[in-house]
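Quick notes on the structure that follows.
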Amino acid sequence: MNWRKKVCLGTAQFGNVYGITNKKKSELSVSEIKKFLILLKKNKIEFVDTALNYKNVDIKLEKTKINLNKFKIITKIPRPKAKEKFYKRKILRKILKSKEILKIKSFNAILIHNCQDLNVKQAKLIKDTLNELKDRKLTKKIGLSVYNPKDLNFMLRFFIPDLIQAPHNVFDARFTQGKILNKIFKNNIELHVRSVFLQGLLLTDMKNINLKFNKWEKLFEKWDLYCKKNKISKLEASVSLAMKNKKIKKIVVGFSNIDEFIEFLKIQVKNKLIFPKFLTDNEKNIDKLINPYNWKT
């Protein structure tokens with residue numbers, strides 16, 4: 001199998017400067033986004049991941065004048081607020097508008113963007129909303145974007161998603177091992193992963209990493225040593241370790257410019273790499289590293 005078919009292009013950078021290592025870069029123009037889509041078709045990459053709250057991304061994709069029905073587009077909808085009224089109606093209207101702008105027949109999948117710390121009422125509303133979107137044939141699949149196994153376990157009390165999108169990288173294998181993995185496959189849930197580069201941190205030299213990450217210096221040193229021992233770049237190692245995992249169906253990756261994407265497409269995936277075990281059972285504050293939501297604190 002061509003490993004590129006397992007790729008899903010993330011579009012967060014199309015509308016905003018995204019990622020802690022991209023602060024000095026600018027958002028992508030329509031002409032550059034068009035180059036991405038052309039390369040996707042050339043490399044037989046079908047999947048594109050976006051979200052309703054990615055600023056102007058739908059409009060930019062449409063302005064490329066490329067037929068987006070040739071791709072399988074996944075979008076994400078915002079979670080309901082604690083006491084939000086008319087949520088289902090608002091989401092339906094936004095999805096119809098997005099579909100109209102993109103000029104597509106339907107989405108491949110619609111996911112809830114963030115499932116952290118939901119209450120029962122919100123979870124039921126999410127279930128009803130996603131099911132209605134699927135019943136109306138606005139999407140083939142419905143699912144969840146999750147950040148930790150606890151949130152997935154909570155949502156599974158209310159419905160079984162067709163797919164989930166979850167973090168996965170050399171410091172974070174929570175969704176590809178143990179009971180949670182068994183639960184995912186027992187329920188026939190398709191697993192897509194993101195954050196394989198941990199927003200670029202895994203590709204950066206330790207001397208260039210923000211000082212706030214110094215407390216995990218030993219982990220980054222282990223990662224450096226692992227790549228040197230295996231005579232492989234951090235980019236190729238990060239991608240290879242995710243690609244070789246047969247349990248993972250799609251890998252969502254984003255780029256700040258077309259040159260990064262071209263470099264990515266040249267990767268030689270190494271299937272014989274062994275997934276490293278850098279973390280000890282008592283690793284302190286690891287959640288503050290693997291969850292970007294905690295980087296501001």
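A quick note: this is a predicted structure, and the numbers were derived from the prediction, not measured. Note that the numbering runs from 1 along the sequence shown for the chain.
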### Query
Closest approach of G15 and V57, non-hydrogen atoms and distance?
N-CG2, 3.6 Å
### Query
Is there a donor-acceptor contact under 3.5 Å from the side chain of R79 to the main chain of Q116?
yes
### Query
Salt bridge or not for E190 and K249, using N-O below 4.0 Å?
no
### Message
Tell me whether the rings of F261 and F264 are parallel (<30°), tilted (30 to 60°) or perpendicular (>60°).
### Response
parallel
### Task
Compare every heavy atom of A82 with every heavy atom of Q122, then report the nearest pair and how far apart it is.
NE2-N, 3.6 Å
### Task
Check whether the side chains of K99 and S106 place a donor and an acceptor atom closer than 3.5 Å, and report yes or no.
no
### Query
Can you tell me how far the CZ atom of R93 sits from the OG atom of S98, to the nearest 0.5 Å?
13.5 Å
### Query
Would you say the side chains of N53 and K76 form a donor-acceptor pair under 3.5 Å?
no
### Query
Should we say atom CD of E100 is surrounded by more than 12 heavy atoms from elsewhere, each under 6.0 Å from it?
no
### Residues, nucleotides or ligands: over 12 heavy atoms within 6.0 Å of K34 NZ
no
### Message
Could you check whether any side-chain N or O of E236 sits under 3.5 Å from a backbone N or O of Q268, counting only pairs where one atom can act as donor and the other as acceptor?
### Response
yes
### Query
Is it true that atom NZ of K134 has more than 12 heavy atoms of other residues, nucleotides or ligands lying nearer than 6.0 Å?
yes
### Message
For K127, is there any backbone N or O sitting under 3.5 Å from a side-chain donor or acceptor partner on N131?
### Response
yes
#### Entry: Cluster overlap L156 with I164, hydrophobic side-chain contacts below 4.5 Å
yes
### Atom pair CD/CD1 of E217 and I209 - distance to nearest 0.5 Å
9.5 Å
### Query
Taking all atoms of both residues into account, what is the closest heavy-atom pair of I262 and L39, and its distance?
CG1-CD1, 3.8 Å
### Task
Might you point out which heavy atoms bring W216 and I286 nearest each other, and give the distance in Å?
NE1-CA, 4.3 Å
### Task
Test side-chain hydrogen bond (donor to acceptor under 3.5 Å, both in side chains) on K103 and N67 and set out the steps.
CA-CA 8 Å; K103 295 183 174 65; N67 182 3; over 6 Å; no
#### Entry: Any donor-acceptor N/O pair, K250 side chain to K5 backbone, under 3.5 Å
yes
### Minimal non-hydrogen separation, S240 against I232, with atom names
OG-CD1, 4.3 Å
### Task
Would you check if the side chain of D49 reaches a backbone N or O of L9 as a donor-acceptor pair within less than 3.5 Å?
no
### Task
Ignoring hydrogens and angles, tell me if any N or O in the side chain of R194 forms a donor-acceptor pair with the backbone of V253 under 3.5 Å.
no
### Query
Passes side-chain hydrogen bond (donor to acceptor under 3.5 Å, both in side chains), S256 versus E260? Steps please.
CA-CA 7 Å; S256 60; E260 287 182 355; 2.8 Å; yes
### Query
If you measure from CZ on F171 to CG on L219, what distance do you get to the nearest 0.5 Å?
5.0 Å
### Message
How about NZ on K88, more than 12 heavy atoms from neighbouring residues, nucleotides or ligands closer than 6.0 Å, or not?
### Response
yes
### Query
Does the K222 side chain pair with the main chain of F278, one donor and one acceptor, at a distance under 3.5 Å?
yes
### Message
Within a 6.0 Å radius of atom NZ on K90, are there more than 12 heavy atoms belonging to other residues, nucleotides or ligands?
### Response
yes
### Query
Ignoring hydrogens and geometry, is there a side-chain-to-backbone donor-acceptor pair from D205 to K207 under 3.5 Å?
no
### Message
Hydrophobic clusters here meaning ILVMFWY residues chained together by side-chain heavy-atom distances under 4.5 Å, can you tell me if L191 and F154 are in one?
### Response
yes
### Task
Inspect the surroundings of CG in N208 and state if more than 12 heavy atoms from other residues, nucleotides or ligands are less than 6.0 Å away.
yes
### Task
Spell out, as yes or no, whether a donor-acceptor pair under 3.5 Å connects the side chain of K60 to the backbone of L28.
yes
### Query
What heavy-atom pair brings V193 and V196 nearest, and what distance separates the two atoms?
CG2-CG1, 4.2 Å
## Note on the structure
Taken to the nearest 0.5 Å, the spacing of L52 CG from D58 CG works out to 7.0 Å
### Query
Taking the side chain from S29 and the backbone from E32, do they hold a donor-acceptor pair closer than 3.5 Å?
yes
### Task
Apply ring pair (Phe, Tyr, Trp, His ring centres under 6.0 Å) to the pair F275 and H168, showing each step before the final yes or no.
CA-CA 12 Å; F275 195 91; H168 178 77; 5.6 Å; yes
